[in-house]
There are 2 protein chains.
Amino acid sequence: MEAVATRGRPREFDVDKALSAALRVFWSKGYEGASLTDLTEAMGITRPSLYAAFGNKEALFRQALDLYEREKLAYVGPALAQPTAKAVARHLLEGALANCTSDCEPGGCLAVISSTACGQEAECIRAEVLSRSRKIHDLFLARVTRAIEEGDFNIPVEAEAITKYLTAVLQGLAVQAGAGSTREELQRVVDTTLAVWPGR
Amino acid sequence: MEAVATRGRPREFDVDKALSAALRVFWSKGYEGASLTDLTEAMGITRPSLYAAFGNKEALFRQALDLYEREKLAYVGPALAQPTAKAVARHLLEGALANCTSDCEPGGCLAVISSTACGQEAECIRAEVLSRSRKIHDLFLARVTRAIEEGDFNIPVEAEAITKYLTAVLQGLAVQAGAGSTREELQRVVDTTLAVWPGR
DNA sequence: CTCATTATATACCGCTCGATATGGAAGCAG
DNA sequence: CTGCTTCCATATCGAGCGGTATATAATGAG
């Protein structure tokens, strides 16, 4: 894609590692809460290096968001491939729980953190995150629609309603994880959600 | 409580109305997202007047939080006084829904917005909000404990688990309301939660 | 009236923000 | 080696932040 420079001084840092470090900062502090000083210190590089490699703060965030979707939200695809609605729900809940309560990563969910209101500087960031969340929502909605046709539910449900219901639980998990709840406590929330799940 | 000044120039603005306006700004932009310029413009007063009347930005936020609890979270008390766990849940869900999707108020929940991660300037604000949230949580937990003793559930449940489960749904409602979901969509989430509720 | 007291209005403070200009160090082509 | 390119380090930019000093206007006490 991008031509490798054959001349000039080579980079002294690993772009992937730096982006990973930036992701962790955004994840724990949000877009506006993460200052360039926070970012450069965590990434181990200087400001000009950051701007040369990633463009600016907003572009860096988008690339961090790409990384987040690619690595941390990888569980969504296999979860949607489960054979029943309840199995889908279980995999989504367990995946979100693992993602939100990792020992070596920040608590909570980057998307939930970044989509809560903040200053107007972050409005376009908010829009970007909401747009990406909607895409995942639509995939989930299609899966639930199929599950209804396949008779996975034992009560009458609307696809949109059950989709947004489980999304709400997942978002609540993220909020509580960010607020400091332990994995054991959140595991019980997951178990409860599955215990009341209306179908197979 | 406070002695009325008998001398000096009288105030030209209504303190309660100004605080109400400040609450709306914090509610829609969060603590750090709300600048003093945003606040003073919405309140219709100047900076020195704000500092004379409320102390500083943090003190203003705490007073706005008091107002929020007193007026916008007033539904919690009556909800917990309902006779069955399901009625409690219904009143909490409907109250939260009304609070999060009012036509004349910002979307979402001030507590959820303020407890999501941001810069370190807001750390003590976060702690304050989390502390207050825990108090409400404890009231709710005690009510659920009583409901279990009274046989309101038709599956085996732990009080802490069901409490945090419903809290998660409520928080998810707030996140979705802040993200722009309509009241009709969120009403269906409420209905779904009640439809799968395990007991009376 | 005068005087003390309090509120408002304007301008400004130091600080941090995101973003850059500048100069030198490090590499490859010839 | 020279010449060119790219990266790193330092210092700095203008803007906005929370907060305030100062001066003026408006009231009641005497």
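In what follows, chains are A, B, ... by sequence order, proteins preceding strands, each numbered from 1. Side chains included, hydrogens not; waters and symmetry mates left out as well; all remaining heavy atoms used.
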Legend entry - B:Arg47 vs D:dG19: side-chain N/O to OP1/OP2 distance below 4.0 Å: no
Legend entry - Below 4.0 Å: OP1/OP2 of C:dA7 and any side-chain N or O of B:Ser49: no
Inset, instruction - With heavy atoms under 4.0 Å as the rule, sort A:Ala34 into base, sugar-phosphate or nothing. - result: sugar-phosphate
Legend entry - Charged N-O contact under 4.0 Å between A:Glu128 and A:Arg132: yes
Legend entry - Protein-nucleotide distance (B:Leu36, atom CG; D:dT20, atom C1'), rounded to Å: 12 Å
Inset, instruction - Could you check how far CG of B:Leu60 sits from C1' of D:dG19, rounded to whole Å? - result: 14 Å
Inset, instruction - With DNA chain D as reference, determine whether B:Glu58 or B:Pro10 sits nearer its 5' end, using the nearest nucleotide of each. - result: B:Glu58
Inset, instruction - Counting heavy atoms from C-beta on, name the nucleotide in C:dG27, D:dA9, C:dC17 closest to the side chain of A:Ser35. - result: C:dC17
Inset, instruction - Rounded off to whole Å, could you give me the OH-to-P distance for the B:Tyr51 and C:dT6 pair? - result: 21 Å
Inset, instruction - For A:Tyr31 and for A:Pro48, find the nucleotide of DNA chain C with the closest heavy atom, then tell me which residue's nucleotide is more 5'. - result: A:Tyr31
Inset, instruction - With the side chain of B:Arg11 defined as its heavy atoms from C-beta on, choose the nearest nucleotide among C:dT8, D:dG19, C:dT20. - result: C:dT8
Legend entry - Spacing of B:Phe13 atom CZ relative to C:dA7 atom P, expressed in whole Å: 8 Å
Legend entry - Under-4.0 Å salt bridge between A:Glu160 and B:Arg188: no
Inset, instruction - May I have the distance from B:Leu50 (atom CG) to D:dG19 (atom C1'), rounded to whole angstrom? - result: 11 Å
Legend entry - Short side-chain N/O contact from A:Arg9 to OP1 or OP2 of D:dT5, under 4.0 Å: no
Inset, instruction - Could you state the atom-to-atom distance from CD of A:Glu32 to C1' of C:dG18 in whole Å? - result: 12 Å
Legend entry - Basic-acidic side-chain contact under 4.0 Å: A:Arg146, A:Glu150: yes
Legend entry - Flag side-chain contact, heavy atom, 4.5 Å: B:Leu39 against B:Leu36: yes
Inset, instruction - Rounded to the nearest angstrom, tell me the gap between atom CE in B:Met43 and atom C1' in D:dG18. - result: 15 Å
Inset, instruction - Please state how far atom CG in B:Asn56 lies from atom C1' in D:dT20, giving the value in whole angstrom units. - result: 12 Å
Inset, instruction - Can you establish whether the number of heavy atoms outside A:Arg134 located under 6.0 Å from its atom CZ is more than 12? - result: no
Inset, instruction - With DNA chain D as reference, determine whether A:Gly44 or B:Glu121 sits nearer its 5' end, using the nearest nucleotide of each. - result: A:Gly44
Legend entry - Presence of A:Thr46 side-chain N/O under 4.0 Å of D:dC8 phosphate oxygens OP1/OP2: no
